[in-house]
Each structure stands twice: as structure tokens, then as C-alpha cells.
Number of protein chains: 2
Amino acid sequence: MTKTRSLLDETDKKILNILQKDCTVPLNKIAKLLDISKSTVHYRMKRLKSENIIEGYHAKVNFARLGDDFQAIIHIRAKYSKNYVEKVGKELAKIQGVWAIYNVLGDNDFIIMVRAINREELMNKLEEMRTSNLIERTNTVVIARILKEEERLFFETDIPQVDSTSALTSNDE
Amino acid sequence: MTKTRSLLDETDKKILNILQKDCTVPLNKIAKLLDISKSTVHYRMKRLKSENIIEGYHAKVNFARLGDDFQAIIHIRAKYSKNYVEKVGKELAKIQGVWAIYNVLGDNDFIIMVRAINREELMNKLEEMRTSNLIERTNTVVIARILKEEERLFFETDIPQVDSTSALTSNDE
DNA sequence: CCTGAAAGCAGATGTCC
DNA sequence: GGACATCTGCTTTCAGG
């Protein structure tokens, strides 16, 4: 009967939300928050990691605080060819400072995020792109201020409504 | 005299690069890699954290692996008013799934990153924006594939050339 | 600002449910 | 899949250079 068997249950999502916000919180504390045992948390985290749902644990650095920060968003139109998405992606990935590459639908083929230390450095990176024979055009937007940059948490809407008849009610006891 | 006194020395940057890539590596290992003592690594990490250069430690989740993933990049033109950057920023930040907000220079005022679980959800979020009287226009680009999304590491070029007289010139060698 | 040793605690493991 | 107890090893602290 309606065994939804999603990849993640609600406990997993709660754990992921906690770890996304701060992956240094002790198993102990997570266990208390979710009212399960420490080893269960450990077990689940290991599973999530091994299944590559958790891709890694990373420190977030505040570059704005360091000066020498010049970030931009570059819109790229590629020249079409067989497997151009992968090809162009690889080429872009090689450029120092390109930290995100999105293949997108619409006027452009890619939107990429770049960090440089100043205008000159950014221009050099742009030059690299413009001399590539895989790239048709670039359109660069300079970031004035980063107002937010956080984790992509799970929300209520992410949780499949497992309502059969009642389902809800029944707290543990 | 010209004591550059940068916020970060080379050791700090190396530590930050390691922790950005993986903040679970033991102090021990970092110490060996940098050929300094374990407690020095700890000392520096604490300083970086307390100075908010390290903003936090976060798990990275692979949403693409989970299905129910519909991400987009939205370009936003605001209606100008006093302090509109902050005002619009705050308004956008409230919308569930908006995980990054960049105030940018150019045709648009903001570029934001949004995660939804499907097209409908995204449309709802767009509707929220379009009914805001702070927002003039939106232009949405759907992400087909995330080819790269990593940390913004420090590079050679980030390390200030501590050249005394001329500043420019001096490539590393 | 860096180090080494000692102490405290959290993460890893294995067994049983 | 989850709980409990144990062990290992890392993080944290601190006194000294």
C-alpha cells in the first residue's frame, strides 16, 4: 500500500537542512533535535554521503571582507557543434576563477560565475573566452553587492504529502 | 614603513583553500601539509572564524540527484526609490527558494538564483515577484544542467606581489 | 604568534533489537 | 533501520617560548 519510498524521508531532509546550515553541529545535538539516537544520525549521514546526496563539507569564505574581490556573471552564447555543452563546459571550467557553470535555456547557452581580484584580472579571463573558437559571444554583468548567498534548504513543499486517509496525527509516544 | 599587513598571509590562504574544498580534514593533516603544528592550524582557524572570514561550515547537497529539482536564474529590474537595493533585496530574500541575490550593474538591477521542485512552484515564486510594487520586470532563465558549482579558491594571482618599488612587473618565477 | 602535551569529547564501530 | 556501549582519534585548551 502506497509505499512511497522516496530517496529521502523527512528525517533525512531535516538532517540535510541542519548540515547545510552548519555541518559542525555534533551528532549528539542533531539527535536531540530530531529525537532519535546519535547512531541513527551517524548512520543516515554516512548513507547520504555514500550516495553522494551530500557532495561534501565546505567552509564558506567571505571574499568581500578581504578586499581584492571583483565578481561577475557572464552570459555566454556558444557556437554549436556536437556535444558542445560538455566541450564548452570543460573549456570554461579550466579558466581560473570560474566557480559555477550553468547550462541554461534561452538566448544564451551558459551563465557562469567568476571571481577575480580586480577589473584587469576579469578582463584577462574574458579574453580567454573570446579567443576560444567554441564561444560566439559573451555578455558580462558585474556584481556590485552580494545580498544573499546561502544554502538551498528543503521546505514544506519539498516534502511529499503522504496523506492517505489521516497519516498525520500520531506523534511518537 | 610599507608593512603591507594584509588580512591574510599565504598560510591563511592555504588553510582556507583546504577547508573550502573539505572542512572535515583533520587538523593533523592540514598541519602536515603546511608543515606547521596542529595547534597553529587550530589557532588560525579560530581567528579566521572569529573575524568572520570563514562565515561558516556547510554541507553541500546534490539536488539534481534527488529529482524534484527545478532551478532558475532570474534577472530583475527594480522600480527605483530611496534605498531600493536593500528594500528589494529584503523582499526577494523572503521568497522561499531564493538562495542567492546579486545586486548587479547593467540592464538589470538584480540577478537571483532560485530553487523550486517543479515548474509550477517556480511560477508561484515568479508571481510573488510580479505582484511586488518594487519590481519592474523579471526575466527568467531555466537551468538545464549544473556543470560546475564549486568553491572560490585563492590562486597565485590572489597573493599580493610584495614588490617594493614598482608594484607591477614581477611575474612570479 | 607558534608549539607540545594533556584533557575532554565527538565520531566511528559492532552487537543486539 | 535503530539503540546502546565502547573505543579511537580529533579538537580544544593551556602553559611556555
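These numbers come from a predicted model, not from an experiment. Proteins get letters first, then strands, A, B, ... in listed order; numbering begins at 1 in each.
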Under 4.0 Å between a Lys/Arg side-chain N and an Asp/Glu carboxylate O for B/Glu151 and B/Lys60? no
Distance, nearest 0.5 Å, that separates CG of A/Leu8 from CG of B/Asp68: 9.5 Å
In whole angstrom, what separates A/Tyr43's OH from C/dA12's C1'? 15 Å
Whole-Å distance between C/dC1 C1' and B/Ile36 CD1? 11 Å
Whole angstrom is fine here: how far is it from NZ in B/Lys49 over to C1' in D/dT12? 15 Å
For B/Lys125, is there an ion pair with B/Glu121 - N to carboxylate O distance below 4.0 angstrom? yes
Identify which nucleotide among D/dC4, D/dT11, C/dT3 has an atom closest to any side-chain atom of B/Lys38, counting heavy atoms from C-beta outward. D/dT11
Enumerate, atom names and distances included, each donor-acceptor pair closer than 3.5 Å involving a side-chain atom of residues 104-115 of chain B, sequence neighbours excluded.
from, atom 1, to, atom 2, distance (Å)
B/Asp109, OD1, B/Tyr80, OH, 3.4
B/Asp109, OD1, B/Tyr84, OH, 3.4
B/Asp109, OD2, B/Ala78, N, 2.7
B/Arg115, NH2, A/Leu153, O, 2.8
B/Arg115, NH2, A/Asp158, OD2, 2.6

Do A/Ser37 side-chain and D/dC4 base share a donor-acceptor contact under 3.5 Å? no
Return the CG to NE2 distance between A/Asp22 and B/His58, rounded to the nearest 0.5 Å. 7.5 Å
Nearest atoms (heavy-atom pairs only) where A/Leu66 meets A/Asn62: CG-O, 3.6 Å
Can you measure B/Met45 atom CE to D/dC10 atom P for me and round it to whole angstrom units? 14 Å
Whether A/Arg44 contacts D/dG2 is assessed here as follows: a side-chain N or O lying under 4.0 Å from the phosphate OP1 or OP2. Is that the case? yes
Going by modelled atom types, is there a donor-acceptor pair between the base of D/dA3 and the side chain of A/Thr40 at under 3.5 Å? no
What is the distance, to the nearest angstrom, from the OH atom on B/Tyr57 to the P atom on D/dT11? 10 Å
Within residues 21-33 of chain B, the residues having a heavy atom closer than 4.0 Å to DNA chain D are B/Pro26, B/Leu27, B/Asn28
Distance, rounded to the nearest Å, where B/Leu48 contributes CG and D/dT11 contributes P: 16 Å
Distance in Å, A/Lys148 NZ paired with B/Leu92 CG, rounded so as to fall on 0.5 Å steps: 9.5 Å
Any ion pair linking B/Glu149 and A/Arg152 (charged N to carboxylate O, less than 4.0 Å)? yes
Using a cut-off of strictly less than 4.0 Å, decide whether B/His42 has a side-chain nitrogen or oxygen near OP1 or OP2 of D/dT11. no
4.5 Å side-chain heavy-atom contact, B/Val141 and A/His75: no
Can you tell me which stems DNA chain D forms, taking runs of 3 or more consecutive Watson-Crick or G-U pairs with both distances under 3.5 Å? C:1-10 with D:8-17, C:12-17 with D:1-6
